[in-house]
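The structure appears below as structure tokens.
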Amino acid sequence: MFSDFDRFAMQRALTLAARGLETTDPNPRVGCVIAQRGRIVGEGWHERAGEAHAEVAALAAAGTQARGADLYVTLEPCSHHGRTPPCVEALAAAQVARVVYAMGDPNPQVDGRGAAALRAAGIGVEEGLLAAEAAELNAGFIKRMRHGRPLVRVKLAMSLDGRTALASGESRWITGEAARTDVQHWRARSSAVLTGVGTVLADDPRLDVRLPDETPGRARRQPLRIVLDTRLRTPPASRLLQAGGGEVLILTGVTSADDPRAAALAAQGARLESLPTDAGRLALPAVLDRLAELELNEVLVEAGATLAGELLLQGLIDELLLYVGPRLLGPEARSLVTLPDPGALERAPTLAFFEMQQLGEDLRLRLRPRQA
């Protein structure tokens, strides 16, 4: 049975973990609190891969007061050598008395081994406090570890009547400045931002994060920018390749490294990889498998109706991030997603509302497929 203070301390650890929301990739977001007799004596969070884990940062803050203390951490302490030494060794050396963690680490290199190592060192271990909140914070990491694919979040903006642009293609701006700034934060927390070549040709987007650096003296982490381009139609002069803002990966069905289109894109700094195609298009499951191999946890898709519809149709979307502006564009305007007629309502893709928030004059809706 967990006490009120246990819950308070773990909630604080979750708050600390969220400080790494935009920086820890590809590692999970983890926070830690150390307490002596109901008083916090140290706390920390994991900020960047290769730097101190949350437990080590909290132990450094607590110093000698960690001995005999209770430690609260949002993820099972690691037991393997990765970019840093195992946290369980540091906890045993500090002689903490009790470790409470929110959820087990889905990484097969840990997954119960951390808890077993702590018990073997004579440390009391308890699991499951605020587990759902911890899982939500690291949904992408969990998805990659357990299913071998990143979490796929599709961002779309529409009018009140479900349209994304006028028939002419004009779409700036369906939503206001507050909603557009919010999108920047979703980009910042993502491992990658993915689009299709049709969007590159139509809108010439940058897809980078244009927010102030979160830490003085440190450049902001930019997500990998990915273009699905089966036939290498991406213009070498596109803003993706000219404006800076991080690495660009072009996934293509073209297999020849001697193709002049590939050479022109590589000369602009793009990295190209060939993947299997299906009916003349890149096979989307193979795309997601490859992105997991690249250690990508969360992928934000900012694409048009065709790619968004295909991801939805194939059951590859984990979350829909939908911005709704208070405009009416009429029946000739462009639709939100391209889907075949389901034939009956019960066969139509169905999503469940997960969160709703007003941003200026607009609404942000988060939806997830019902089967998820």
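Ion pair Arg113/Glu76 not flagged as a salt bridge, since none of the NZ, NE, NH1 or NH2 atoms sits closer than 4.0 Å to an Asp/Glu carboxylate oxygen. A salt bridge between Asp182 and Arg364 is present, with a side-chain N of the basic residue lying under 4.0 Å from a carboxylate O of the acidic one. Salt-bridge check for Asp208 with Arg225: failed, with every basic side-chain N at 4.0 Å or more from each acidic carboxylate O. Remark: Arg368 engages Glu136 in a salt bridge, criterion side-chain N to carboxylate O under 4.0 Å. Ion pairing of Arg98 with Asp6 is present here, as a side-chain N (NZ or NE/NH1/NH2) and a carboxylate O approach within less than 4.0 Å. Under a 4.0 Å N-O distance rule, the pair Arg19/Glu47 does not qualify as a salt bridge. With salt bridges taken as basic N to acidic carboxylate O contacts below 4.0 Å, one links Arg29 and Glu298. Under a 4.0 Å N-O distance rule, the pair Arg163/Glu332 does not qualify as a salt bridge.
Remark: the Thr234 side chain and the Asp229 side chain contain an N/O donor-acceptor pair separated by less than 3.5 Å. A side-chain donor-acceptor contact under 3.5 Å links Asp25 and Ser191. A side-chain donor from one of Glu127 and Tyr101 sits under 3.5 Å from a side-chain acceptor of the other. Judged purely by distance below 3.5 Å, without hydrogens or angles, the side chains of Asn297 and Arg144 pair a donor atom with an acceptor atom. One side chain, Gln65 or Arg39, offers a donor N or O that lies under 3.5 Å from an acceptor on the other.
Within the model, atoms CG of Leu316 and CD of Gln314 stand 5.0 Å from one another, a figure rounded to the nearest 0.5 Å. Atoms OG1 and CG, from Thr252 and Leu232 in turn, are 3.5 Å apart once rounded to the nearest 0.5 Å. The CG atom of Asp161 sits 11.5 Å away from the OG atom of Ser335 when rounded to the nearest 0.5 Å. Distance check: Ile226 CD1 to Arg290 CZ gives 10.0 Å after rounding to the nearest 0.5 Å. Rounding to the nearest 0.5 angstrom, the gap separating the OG1 atom in Thr255 from the CD atom in Glu273 is 14.0 Å. Taken from CD in Glu22 to CZ in Arg48, the straight-line distance is 10.5 Å, to the nearest 0.5 Å.
Judged by the 6.0 Å distance and 45° axis criteria, Arg180 is positioned over the aromatic ring of Trp173. For the pair Arg366 and Phe354, the cation-pi test (distance below 6.0 Å, angle within 45°) is failed.
Remark: the backbone N or O of Leu363 is not paired with any side-chain donor or acceptor of Gln358 at under 3.5 angstrom. One N or O on the side chain of Asp318 and one on the backbone of Val152 form a donor-acceptor pair closer than 3.5 Å.
Side-chain contact check for Arg220 versus Val209: some heavy-atom pair is nearer than 4.5 Å. Using a 4.5 Å cut-off on side-chain heavy atoms (C-beta onward), Met1 and Glu126 make no contact. A 4.5 Å side-chain heavy-atom check between Leu321 and Val154 finds every atom pair outside the cut-off. No side-chain heavy atom of Phe5 sits less than 4.5 Å from a side-chain heavy atom of Arg37.
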